[in-house]
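Taking it in order: structure first as structure tokens, then the write-up.
Ligands are counted one by one from 1 in listed order, and the atoms in each one are counted from 1 as well.
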Amino acid sequence: MFIDSHAHLDDEAIASREDEIVSAAKEAGVGVIINASSDLPSSLASVALAERRKEVYAVIGVHPHEAKTYSDEVERELVRLSKKEKVVGIGEIGLDYHYDLSPRDVQKAVLEREIVLADELGLPVVFHVREAYEDFNEIIERNLSRFSHGALLHCYSGSAELAKYYSDKLDAYFSFGGVLTFAKHKDVVLRAIPKNRILLETDCPYMTPVPHRGEKNEPKYIPLIAEKMAELTGLSVVEIEKVTTENALAFYKVRV
Ligand code: NI
């Protein structure tokens, strides 16, 4: 069984095809899907999805793009939702300076609040970091005592050196998706990461792997990403399936 450790099934681009997408995932051997959130409405949608779908679990939180929507009231709602049985993490949280859809000082303040929140709730954090590693690392350094429940860098785009830094500082997990099939030099990054810290993800409906570029991404494409990961690491696809599933279950503390 494969696990899609980061999906957005509630995204309006694919939400209406939920039945078909979950069945196709199962047929492709993807038995668990972790649905990540981007703001309060999508956190509510993720929890509702997890409640009606046995194979779906929810990660709740406010994405850096939506940081400007964060408030005390949103935080109270996140705390309430976190008590639901199938909520397994806080995310995706972080910094995104590529689009700058929220002001940078707001992104930084909200990231720090959500790190503190996750620690208080005893949940692991799922990070989204894009073109903002310097400021991100500063916040990490200030909060080193707050990651005992686990930290994952989703769609990891940093260098091999940075990966070593996050391994040392956070004992971090790293997830990889469609980018593996179209970006260069990912083999160097993958080799820098311990095998017991690597996960597979789609980030669907975005980041569609080759040869389906231009289509909406779905969890059923996880085996394509696994094949590429196998090629880049020198492991077999069976080994990649086994190790990434064990890692995802361990990180999200999910029992199947
Ligand atoms: Ni995402």
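- Between Tyr221 and His212, the ring center distance clears the sub-6.0 Å criterion.
- Checked against Phe147 for a side-chain contact (heavy atoms from CB on, under 4.5 Å), the options Asp171, Asp119, Ile140 give a single hit: Ile140.
- Annotation: Lys216, atom NZ; neighbour count of heavy atoms from other residues, nucleotides and ligands within 6.0 Å does not exceed 12.
- Neighbouring protein atoms of the Ni ion (ligand 1) (N, O or S, distance under 2.8 Å, waters ignored): His6 NE2, His8 NE2, Glu92 OE2, Asp203 OD1.
- For residues 235-256, the set of pairs meeting the ring pair (Phe, Tyr, Trp, His ring centres under 6.0 Å) definition, not counting sequence neighbours, comprises Tyr173-Phe251.
- A salt bridge is absent between Glu27 and Lys220: the closest approach of a Lys/Arg side-chain nitrogen to an acidic carboxylate oxygen does not fall below 4.0 angstrom.
- Summarising the local packing, NZ of Lys68 is surrounded by more than 12 heavy atoms from other residues, nucleotides or ligands at distances under 6.0 Å.
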